[in-house]
Amino acid sequence: MNQKRPDPDALLTRVQAEEAGHQEGKLKVFFGANPGVGKTYAMLQAAHEQRRDGVDVVIGVVETHGRAETEALVNGLEIVPRRAIDYRGTVLQEFDLDAALARRPAVILIDELAHSNAPGTRHAKRWQDVQELLRAGIHVYTTLNVQHLESLNDVVAKITNVRVRETVPDSVLERADDVELIDLSPDDLLQRLKEGKVYVPEQIQHAIHNFFAKGNLIALRELALRRTAERVGQQMEVYRLAQAVVRTWPTAETIMVCVNMKPRGPRLIRAARQMAAGLHAKWIAVYVQVPRHLRMSQSERDRVIHTLRLAEQLGAETVTLTGEDVAQEILAYARSRNATKIIVGKPMRAWWKEWLFGSVVLDLVNQSGEIDIYVITGTADEGQPVARRPLRSTGDASGYAYAIAGIMMATAVDWLMFPHFAAANLIMMYLVAVVAVAIGWGRGPSVLASVLSVATFDFFFEPPYFSFTLSDMQYLLTSGVMLAVALIISNLTARVQRQAELARYREKRTGVLYAMSRDLAINRGTGMLAQLAAKHLRDAFDAQVAVFLADADRKVHLQRGELLFFELDPKESGVAQWVYDHSERAGLGTDTLSGASALYLPLVASAGAIGVVAVRPKDSVLLMDPERLHLLESLVNQVALAIERTRLSDEAQQAHVKAKTERTRNAILSSVSHDLRTPLAIITGAASSLAVGRDELDPTARGELAQSIHREADRLDRLLKSLLDIMRLEAGVVQLNKQWHPLDEIIGSALARLEGWLRDHAVNTAVPADLPLVPVDGVLLEQVVINLVENAVKYAPPGSAIDLSASASDREVVVAVADQGPGIPVGEESRIFEKFYRTKHARERGVGLGLTICRGIVEAHGGRIWVENRSRGGALFRFSIPLPDQQPPVETEQPEAREA
Amino acid sequence: MSQEATILLIEDEPEIRRFLRTTLPSHGFRLHEATTGQDGITEAKARNPDLILLDLGLPDLDGSEVIRQVREWAHIPIIVLSARDQEQVKVEALDLGADDYVTKPFGVNELLARMRTALRHASRANESGEPVFVLGDLNVDLGRRQVFVSGKEVHLTPIEYKLLITLIRYAGKVLTHRQLLKEVWGPLHVDEGHYLRVYMRQLRNKLERNPAHPRYLVTELGVGYRLRTE
């Protein structure tokens, strides 16, 4: 029973597919073998049926080609107005995607899925428009002919001898929710053709006889039927899986197809797709970049890109590998991915070259082991082999000159040695020269050098002297050995050079990645990261770079900064927004919005897109290189992750601060509520007894009650003032109103305000009359003195004196307040300045804010406040205010004595 | 002073009005009330009170606007009732012509003292200048321009003397920095507060027994100075 249960993963996938289906629109394809079978007609009929059922159906695009029956069906359906696009002087009427999205019908009809859009529209192909409509939740009815299917393109071309340019990826048809085959027998179709009922596409006008030959029609019809049947088979399997009727389920196979810069790439890709589809296998297109590919010509490069992109469109995963040995790289990767089959193209080189230099295919076959190798033949689709750019093309001419010079030098040395050494030793000198030339200047010059050395040796040192006569077979062998040495050395050298080149390239790539990830790791803040990313991308790709980040409303904004530069028109930011919304790349070099001046890549983090990177290279071709694209992608991924990381850590930080603020607030609330309630309780009690027992109370008692009300109200008032002060200080809203004050005046003012408090204490002041002026906020500093004296009063025994003194040095003015109380418990000297801190010795309860306020005010003035115990008991509080270098100017008078 | 002084209280807070309504009559004042600035100005014109108690936080008009309008036609003494930490507002009110201020919350004694000072000052302004000013051990002969502390003559510079007689002329009343600077140094020096502080210090050093704890020359930080007469 167990094995009959559906695989949970598979079920989940199905549920997800269904859920996605609920959000996305459904695609219905009216599929046919040829033009003229009645697809558009059938689509319109279906639309009318829907409309009768009350469904909101509109026409996006329908081509009637002047057919009366079809036109009759168009009537009565709403049509989305087309958009006029001016293309090189011709006005083209194109489907208006934005109008359709804005209209939001339930069902929209889009004829001719394979149509290519005019330049200037958002997507290059109409099927991309359809995908966007589906994503927007709109159901789409569309029509498609079998010859437009990408994977059948080759087959159809072979059958009909007409190559159709407009193709649709097979995945579009595969993902369709409903495919309706519109079938018409070839005879009926030919009949309709004769009656002129069939519109014939322009591009096959010239080939009409070929295309509509009965044999072709039969073949195409078979293709269409087979394709539909395949689809039905797939659906059946999906159904079986869902219904737990698992019987035979082939283990998932992986097919790898190897492509290179040869023109037959697309053929290989299509063959691989067919095989993969037949086997329900996953397939991977692999391109191995070897050192000599670094000097590929531009068209070869383009061909590789085109081939890989085709593979992507047909549903393959594409991978670019780098290495020295193609076969080994392919096999290593195939094993790492558990590929079971490898498809390669048959080499087209001459047999002797293959025999001499070996071939990738031979290596693969020899080393593949358990993996099957499929070798596909085929002629090139298009294009001609392109001349390879030679390595070191500039150095060549001089290389031959050096070869001649080297041999001349060897001859000169041999000339000197000739009388004393045997001929074999002289040849060694030539060998040295040949090796040197081979290392320095490569194959051509070294071959020349070896030929020259044999000739000169024969001419100068072999009797008869000064004549070319190869008298001895020995020297023929010498000459051959020299030639072989020259070739081997020059090949080795070239290989070493290529490896070095590859290593340099890799190093550069790693360097770029490393430099950027390091910078991203040590910096914080999204703005900073965006700037760094732009800088590194600009350096690595020689491009203008812009980074857009999305805000909470899912709108992207250009991150501005000195390192970001981009001329931006609204159209370009529209592209960025599109890329963000769809998490897909677009713009330059892609099929979507390719009119944009830059390539736009989404910054995708774990929770979806967070922004967009725009790259506008000086040379747009640079972005076509798959290697560079991969590098760009990995860099962009790094940026996305770094930005996400910094955002998350910011959020965590904020949460932490919030929690801390919350804790502080709770502490304040609990402390304050107690301190507020006590005086309020006393006031309420005293006031109520005064109100109720007015007559019973004697005058003394009444006086006492009134006194305590007054006292407690005063306490409340001070508490509130302290709370307001501390809140203002902590909120940082206190603005210092600094003016030049004599500190003695501030002390005097404070003492005047404290008069009521100081009844039980004498205050001894020792303030020099010539204290320098200090730039302070007088009101706040007065508060400091008041709080310190009040604090002293709280702890000092009644009747004891409080000493208040001030002194000045060059740098600061220090004010000291000393009492004769119990002093500060050891170890609490700094804690007593903390909020709500109270020592046990206080005679009167305070809130524990006075000293905190003092510290806040003094520190706001750039000063310090501290406390120590006096040697004879009691606490000594001191605070300092820094002195500026100069005192303000005061006009002095003539000290004029008044007449007595 | 005549028998009963008339007081106009302009205050929107009913509890404060009630508290003053119960207290002031027993101290020999007759009280009229207004709850808005506009009413207050009308009442002031209709009743011509001897003193106005003005709350600065009125619902309709800015308190300073009331002062400005009253000052257009009358020199009635105005005492401003203000909340704490509003030094700027107080200074503005005083500069506009208010005579004094009391900070909320205030006790009755403090308010009564300020009211008496303001009323006395107003009545004295009508008299001709007294030749000798005596305050505790301070004795100033205004005719001869001589200053004695405990019977000993003290020599003052011209600015010190001018500062002292300005404070004496408005004795008991708070004078803002601006007012003092204008009176003593002239209208060009109204922003040089530290001049004033330096000369006040010199004056305290010459006249006060303990300059760090003055009895006469009282500093109202952030507002100005007052010659304390009680």
Side-chain angles (χ1 to χ4, degrees), chain A residues 710 713-714 716-717 720-721 724-725 728 734 737 739-756 758 763-771 773-783 785-786 804-806 887-900, chain B residues 83-88 90-91 103-110 141 144-148 152-162 177 185 189 191-206 208 210-223 225-226 228:
Chain A
H710 189 191
D714 207 39
L716 259 183
D717 182 43
L720 285 177
K721 180 169 171 13
L724 288 173
D725 284 348
R728 246 178 256 153
V734 174
N737 174 22
Q739 304 213 346
W740 291 97
H741 281 276
L743 269 181
D744 44 336
E745 179 174 295
I746 289 173
I747 291 170
S749 170
L751 290 177
R753 292 181 71 165
L754 280 165
E755 234 151 53
L758 290 171
V763 178
N764 301 324
T765 51
V767 181
D770 57 349
L771 275 183
L773 300 183
V774 280
V776 293
D777 185 316
V779 178
L780 290 181
L781 220 63
E782 181 192 48
Q783 190 64 48
V785 177
I786 288 175
L804 214 168
S805 62
Q887 288 282 298
V890 178
E891 279 175 39
T892 47
E893 302 174 275
Q894 296 294 323
E896 176 220 4
R898 294 214 46 80
E899 283 166 30
Chain B
R84 187 173 264 147
D85 302 322
Q86 292 186 320
E87 269 73 20
Q88 274 319 109
K90 289 175 202 163
V91 171
T103 304
K104 287 180 187 173
F106 51 84
V108 173
N109 289 339
E110 192 186 354
D141 188 329
R144 295 192 185 167
R145 302 167 70 88
Q146 279 177 315
V147 181
F148 302 91
K152 267 183 77 179
E153 188 175 1
V154 178
H155 295 289
L156 299 183
T157 66
I159 288 183
E160 286 165 5
Y161 183 74
K162 210 170 168 190
H177 297 125
W185 278 270
H189 292 82
D191 291 322
E192 307 191 47
H194 63 275
Y195 277 37
L196 182 57
R197 293 196 191 96
V198 168
Y199 279 93
M200 279 305 295
R201 167 153 80 172
Q202 290 173 12
L203 208 52
R204 273 196 304 265
N205 284 340
K206 285 181 180 174
E208 293 279 1
N210 182 359
H213 196 166
R215 286 173 301 162
Y216 312 128
L217 301 168
V218 178
T219 311
E220 304 267 348
L221 268 173
V223 180
Y225 295 95
R226 177 205 304 274
R228 185 155 58 177

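Just so we're on the same page: letters track the sequence lines, and every chain starts at 1. Everything quoted here is computed from the prediction, not taken from an experiment.
Proximity to chain B (any heavy atom under 4.5 Å) is shown, for Ile746(A), by both the backbone and the side chain. Proximity to chain A (any heavy atom under 4.5 Å) is shown, for Phe148(B), by neither the backbone nor the side chain. Residue contact with chain B, scored on non-hydrogen atoms closer than 4.5 Å, involves the backbone and the side chain of His741(A) alike. Heavy atoms closer than 4.5 Å to chain B are found nowhere in Leu716(A), neither backbone nor side chain.
Contact record, Leu221(B) with Val779(A): O-CG2, 3.8 Å, taken as the closest heavy-atom pair. Pro214(B) and Gly748(A) get closest at one heavy-atom pair: CD-CA, 3.9 Å.
Options Val218(B), Val147(B), Ile159(B) differ in how many heavy-atom pairs under 4.5 Å they form with chain A, and the most are formed by Ile159(B). For the set His194(B), His213(B), Arg197(B), the count of heavy-atom pairs under 4.5 angstrom toward chain A peaks at Arg197(B).
Among residue pairs with one or both ends in residues 739-752 of chain A, those qualifying as salt bridge (charged side-chain N to carboxylate O under 4.0 Å, His left out) are Asp744(A)-Arg201(B), Glu745(A)-Arg204(B); sequence neighbours excluded.
Between Thr219(B) and Glu782(A) the shortest side-chain heavy-atom distance does not fall below 4.5 Å.
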